Undergrad: 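A single structure is presented below for examination.
Throughout, a chain's letter reflects where its sequence line sits, starting with A, and its residues are numbered from 1. Atom set for the values below is all heavy atoms of this structure, side chains included, hydrogens, waters and symmetry mates excluded. Remember, predicted model here, so these are calculated numbers, not experimental data.
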Amino acid sequence: MHRWSQLFIPTLREAPADAEVASHKLLLRAGYIRQLGAGIYSYLPLGQRSLNKIIAIVREEMDRIGQEFLLPALNPAEIWQESGRWTGMGQNMFRLKDRKGAELCLAMTHEEVITSIARNELRSYKQLPQIWYQIQNKFRDEPRPKAGLLRVRQFTMKDSYSFDIDQASLDASYQKHYDAYCRIFTRCGLEFVAVDADSGAMGGSGSQEFMVYTDAGEDLIASSASGYAANLEKATSRLTPIEDLAPTGDGLPELVSTPGKASIADVTAFFGIQASQDIKCVAFMGSIVGHPAGEPWRPVVAFLRGDHQVNETKLNAIAGTAELRPMLPEELELYIGGPAGYLGPVGIAQVMGGGSLNGLKSGKALDKLKGIFREDATGKLEALDGGTYPLKTIVVMDTGLEGRANLVAGANQLDMHFRNVTPGRDFTPTVIADIRNINEGELDPIAGEPMRLGKAVEIGHIFKLGDKYTKSMGARVLNADGKEVTPIMGCYGIGIERILTSAIESSAAKFAAQTSAAITPGAPSSPTALSSAKVGGSVATESYALSPAIAPFACVVTVTNIREPELLAAGEKIGAALSAAGIDTLLDDRDERAGVKFKDAELIGVPYRINIGKKLSEGLVELVDRLTNTTTDLPIDEVTEHLRTLVN
RNA sequence: CGGGGCGUAGCGCAGUCUGGUAGCGCACCUGCUUCGGGAGCAGGGGGUCGGAGGUUCGAAUCCUCUCGCCCCGACCA
């Protein structure tokens, strides 16, 4: 049992002005952390206790599937040069020189170190599979540390690496991690989802990120009750069928004069249709991936349902471009042949293949194009450096338009639209692909459950690496046939601090929702709700509670007045009994007013509080369960058993 | 790296525009009272105003440079 009077728990009534997000303010106010520099924090006793508990859970679960190492944070440059990441990591790696001038770095991850061990020690398939993990400080020279512990330059990470002889074995190692991660995050009291992540450039075959929904997060994800979950860049949806318009006239595209109707809203109102019955055109210039000169642009034109938005990441992937910018008016004229507001797919094929510079009047587009192309004798554009650039306009149609008919679309003439536009018949896109952002409430593609869309923070990542490091660093083992083969790897990370941070964020969001619910609707004059929320007041209002598994203490015994010997004696007794029962207990034996103790106990996130006060004369104490926000009176001799049930 | 903001006591801030001996609240120390929701009264301690240079009789305040931190963007195993 710990006594509050003897601990260092520097709580603050007000948060430093630098703190913006809830978890940052609360960690500071609760005395968990103090900032030393941008993205650099000291962990005070409370923070350290909580992180140690998280680490203990991680270690326990990881020991079930692997073995713990501790690898150096200080790495010689050589191994990073071997893997190609000495230059590849760019500015994100802290680098330094020793007294002899040798180059070193502070490791931001440990594939190189672990692979150097593997190549020196692993000889035979009989030694595989291996799962090696460590819990270590990592260093990253973030361009922009922010949000308290959410994005920092030094942090604790559990990282593990698997070595397997073949894909099936890697799949098994990967699955072990998936299962272990689910157990870890569940034990920490987190509500999380595992999303499919991009395994792209790393050449891996599978990757998932474990995410916790919170507005403080930097990623956007979608998930549904069926278990479907994906990054916004990958998420797709099952669309509910749209009723197509009946054809008019002969059913073929019909020109309609639509003076001044340049927006979707104007056009749909004019025709009396839904936005989903209209074709939206979004025209970009995309910078070509890997172009030697740096930025030649390729025209990329996207058509979507009027009520959908382009996801530029998806579109980049389809178009083979790295970055998209809107076309300038001159470029619209050149590549599509119509003015903004009246762009459409019909006839766009005729201008595919590029146009002539003559069509351009002036401006940046002309200058830019003149820097890249010249006109040949026939008026066609030709690249100045003789390179072959895809001049063809890439026309991408979103899958949301597949099978549709009789849509309204721009006619590539000022003040004109077509109706009766039917994809496939009236125009043929270069490619049909999912390039839209999904929307909240759309149905997931697997089970058709409604999806939730929101910001989230990544707390873990599992990844089938393949042979990237084993190959470049020359790790080889003999297989059963006596043949030398390259083992394949997986890598798997967990951000320890992010478990704490996201737990606080999630809980604080719930408390905030309760508070605003208490103030806003029915009872505007409720004095207690108003005073606790202190609208416009100076006292901070954020609150939260952690799961007993990761809170610095599972339980706090609050002696409301230590000058009453019976209360203090009862507190000592109950605290000792709880500790003896294996419950991590803090006795608040400070000579403070009850209100101060209540506030502090809430601030430090302890989930269960035993108030020892007036009712003691009746043999009762109060249990405040912060996770369910309930208060109950308990007979003294039932406290331990009750808490034991709650904690486990 | 681009844009914006801020550095005055442990925390939150005023004072800077218009130069004239550095203030308020909380926290801290002492005493008395109070004692279940961040107590009251009285007394007290604590700041070379981020740093350097300059202008001036005089600089927290004006000028130049510099360091740091926060936010938006870019970037992000």
Undergrad: Give none if B:A60 has no partner; otherwise give the nucleotide forming a Watson-Crick or G-U wobble pair with it, both distances under 3.5 Å.
TA: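 Pairing partner, where one exists within any strand: none, as none qualifies.
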Undergrad: Could you list the residues that satisfy salt bridge (charged side-chain N to carboxylate O under 4.0 Å, His left out) with A:K314, not counting sequence neighbours?
TA: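 Checked A:K314 against salt bridge (charged side-chain N to carboxylate O under 4.0 Å, His left out); matches are A:D434.
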Undergrad: For A:E82, enumerate each residue passing the side chain to side chain contact (heavy atoms under 4.5 Å, CB included) test, keeping only those at least two apart in sequence or located in another chain.
TA: A:I79, A:R119, A:M473
Undergrad: Is A:Q130 close to A:S173 at the side-chain level, that is, under 4.5 Å between some pair of heavy atoms?
TA: no
Undergrad: Treating A:R85 as the side-chain partner and A:W80 as the backbone partner, does any N or O pair qualify as donor plus acceptor under 3.5 Å?
TA: no
Undergrad: Find the distance A:F598:CZ to B:C35:P and express it as a whole number of Å.
TA: 15 Å
Undergrad: Using whole Å, what does the distance between atom C1' of nucleotide B:G36 and atom CG of A:L623 come to?
TA: 16 Å
Undergrad: Using the P atoms only, state how far B:C62 lies from B:U8, rounded to an integer number of Å.
TA: 16 Å
Undergrad: Send over the distance from A:I612 CD1 to B:G37 P, rounded to a whole Å.
TA: 17 Å
Undergrad: Expressed in whole Å, how much space separates the P atoms belonging to B:G46 and B:G10?
TA: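 Here B:G46 and B:G10 have their P atoms 13 Å from each other.
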Undergrad: With P as the reference atom in both, quote the distance from B:C17 to B:C1 in angstrom, rounded to an integer.
TA: 32 Å
Undergrad: Name the nucleic acid region contacted by A:D600, choosing base, sugar-phosphate or nothing; use a 4.0 angstrom heavy-atom cut-off, strictly under.
TA: base
Undergrad: By the ring pair (Phe, Tyr, Trp, His ring centres under 6.0 Å) test, which pairs, at least two apart or in different chains, include something from residues 3-42 of chain A?
TA: A:H24-A:Y41
Undergrad: Apply side chain to side chain donor-acceptor pair (under 3.5 Å) to the pair A:R626 and A:S543, showing each step before the final yes or no.
TA: CA-CA 10 Å; A:R626 301 255 306 144; A:S543 195; 2.8 Å; yes
Undergrad: Within the 4.5 Å heavy-atom criterion, are A:L578 and A:V639 side-chain neighbours or not?
TA: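 Yes, close enough: below the 4.5 Å cut-off.
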Undergrad: Check for me whether A:K138 meets the cation-pi criterion with A:F155, that is, NZ or CZ under 6.0 Å from the six-membered ring centre and within 45 degrees of the ring axis.
TA: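 No, a cation-pi geometry is absent between A:K138 and A:F155.
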Undergrad: Within the 4.0 Å heavy-atom criterion, would you say A:T109 contacts the bases, only the backbone, or no part of the nucleic acid?
TA: nothing
Undergrad: Please measure how far the P atom in B:G45 lies from the corresponding atom in B:C29, and state the result in whole Å.
TA: 15 Å
Undergrad: Who pairs with A:F69 by ring-ring contact (aromatic ring centres under 6.0 Å, His included), at least two apart in sequence or on another chain?
TA: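 By the ring-ring contact (aromatic ring centres under 6.0 Å, His included) rule, A:F69 matches A:W132.
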Undergrad: Can you pull the salt bridge (Lys or Arg N to Asp or Glu O under 4.0 Å) pairs that have at least one residue in residues 551-574 of chain A, sequence neighbours excluded?
TA: A:R3-A:E572, A:R563-A:D591
Undergrad: Find every protein N or O atom lying less than 3.5 Å from an N or O atom of nucleotides 68-75 of chain B, and list the pairs.
TA:
{"unit_1": "B:C69", "atom_1": "OP1", "unit_2": "A:A38", "atom_2": "N", "d": "2.8"}
{"unit_1": "B:C69", "atom_1": "O3'", "unit_2": "A:Q35", "atom_2": "NE2", "d": "3.3"}
{"unit_1": "B:C69", "atom_1": "O2'", "unit_2": "A:D18", "atom_2": "OD2", "d": "2.8"}
{"unit_1": "B:C70", "atom_1": "OP1", "unit_2": "A:Q35", "atom_2": "NE2", "d": "3.0"}
{"unit_1": "B:C71", "atom_1": "OP1", "unit_2": "A:A147", "atom_2": "N", "d": "3.4"}
{"unit_1": "B:C72", "atom_1": "OP2", "unit_2": "A:R144", "atom_2": "NH1", "d": "3.2"}
{"unit_1": "B:C72", "atom_1": "OP2", "unit_2": "A:R144", "atom_2": "NH2", "d": "2.6"}

Undergrad: Return the residues of residues 602-611 of chain A meeting this criterion: a heavy atom under 4.0 Å from some atom of RNA chain B. Order them by number, or give none.
TA: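 Listed by number, they are A:E602, A:L603, A:R609, A:N611.
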Undergrad: On RNA chain B, nearest-nucleotide positions of A:G595 versus A:M157: which is more 5'?
TA: A:G595
Undergrad: Just by protein heavy atoms under 4.0 Å, how would nucleotides 24-32 of chain B read 5' to 3' in B, S and -?
TA: -BSS-----
Undergrad: Nearest whole Å is fine: how far is B:C76 P from A:R498 CZ?
TA: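 Distance check: A:R498 CZ to B:C76 P gives 15 Å.
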Undergrad: Is A:R95 positioned over the aromatic face of A:W86, cation under 6.0 angstrom from the ring centre and no more than 45 degrees off axis?
TA: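 Yes, A:R95 and A:W86 form such a contact.
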Undergrad: For A:R29 and B:G12, give me the distance from atom CZ to atom C1', rounded to whole Å.
TA: 12 Å
Undergrad: Let's test this: given Watson-Crick or G-U wobble pairing with both distances under 3.5 Å, identify the partner of B:A74.
TA: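 Checking every strand shown, B:A74 finds no partner, since no pair has both distances under 3.5 Å.
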Undergrad: Name the nucleic acid region contacted by A:E622, choosing base, sugar-phosphate or nothing; use a 4.0 angstrom heavy-atom cut-off, strictly under.
TA: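 Since a base atom lies under 4.0 Å of A:E622, the category is base.
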Undergrad: How far does the C1' atom of B:G19 sit from the matching atom of B:C49, given to the nearest Å?
TA: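 Comparing C1' positions in B:G19 and B:C49 gives a spacing of 15 Å.
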Undergrad: Could you tell me whether the side chain of A:H461 reaches within less than 4.5 Å of the side chain of A:S207, counting heavy atoms only?
TA: yes
Undergrad: Applying the Watson-Crick and G-U wobble criteria at under 3.5 Å, what pairs with B:G68? Answer none if nothing qualifies.
TA: B:C6
Undergrad: Which nucleotide, in any strand shown, forms a Watson-Crick or G-U wobble pair with B:G43, with both distances under 3.5 Å?
TA: B:C29
Undergrad: For residues 210-221 of chain A, run the donor-acceptor check on the side chains, cut-off 3.5 Å, and write out each pair with its distance to 0.1 Å, sequence neighbours left out.
TA:
{"unit_1": "A:Y213", "atom_1": "OH", "unit_2": "A:S223", "atom_2": "N", "d": "3.3"}
{"unit_1": "A:Y213", "atom_1": "OH", "unit_2": "A:S223", "atom_2": "OG", "d": "2.8"}
{"unit_1": "A:Y213", "atom_1": "OH", "unit_2": "A:R452", "atom_2": "O", "d": "2.9"}
{"unit_1": "A:T214", "atom_1": "OG1", "unit_2": "A:A216", "atom_2": "N", "d": "2.9"}
{"unit_1": "A:E218", "atom_1": "OE1", "unit_2": "A:R151", "atom_2": "NE", "d": "2.9"}
{"unit_1": "A:E218", "atom_1": "OE1", "unit_2": "A:R151", "atom_2": "NH2", "d": "2.9"}
{"unit_1": "A:E218", "atom_1": "OE2", "unit_2": "A:K146", "atom_2": "NZ", "d": "3.1"}
{"unit_1": "A:E218", "atom_1": "OE2", "unit_2": "A:R151", "atom_2": "NE", "d": "3.3"}

Undergrad: Please report whether the ring centroid of A:Y181 lies less than 6.0 Å from that of A:F185.
TA: yes
Undergrad: Could you tell me which nucleotide pairs with B:C13 by Watson-Crick or G-U wobble geometry, both distances under 3.5 Å, or answer none if nothing does?
TA: B:G23
Undergrad: Expressed as a whole number of angstroms, how long is the span from A:K614:NZ to B:G37:C1'?
TA: 11 Å
Undergrad: What's the gap between B:C13 and B:C71 when it is taken at their P atoms, as a whole Å value?
TA: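 Each nucleotide's P atom is 15 Å from the other's.
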Undergrad: For A:E592, check side chain to side chain contact (heavy atoms under 4.5 Å, CB included) against everything at least two apart and list the hits.
TA: A:R590, A:V596, A:K597
Undergrad: Looking at residues at least two apart in the chain, or sitting in another chain, which of them share a ring-ring contact (aromatic ring centres under 6.0 Å, His included) with A:H177?
TA: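 Checked A:H177 against ring-ring contact (aromatic ring centres under 6.0 Å, His included); matches are A:Y492.
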Undergrad: What nucleic acid atoms does A:E112 come within less than 4.0 Å of, heavy atoms only: base, sugar-phosphate, or nothing?
TA: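 Result for A:E112 = nothing.
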Undergrad: Find the partner of B:U18: check Watson-Crick (N1-N3 plus N6-O4 or O6-N4) and G-U wobble (N1-O2, O6-N3) distances, both under 3.5 Å, and reply none if neither fits.
TA: none
Undergrad: Expressed as a whole number of Å, how far does the C1' atom of B:U56 sit from that of B:C63?
TA: 12 Å
Undergrad: With the threshold set at under 4.0 Å for non-hydrogen atoms, list the residues of residues 129-139 of chain A touching RNA chain B in residue-number order.
TA: none
Undergrad: Taking only the P atom of each, what is the distance from B:C41 to B:C26 in whole angstrom?
TA: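 Each nucleotide's P atom is 9 Å from the other's.
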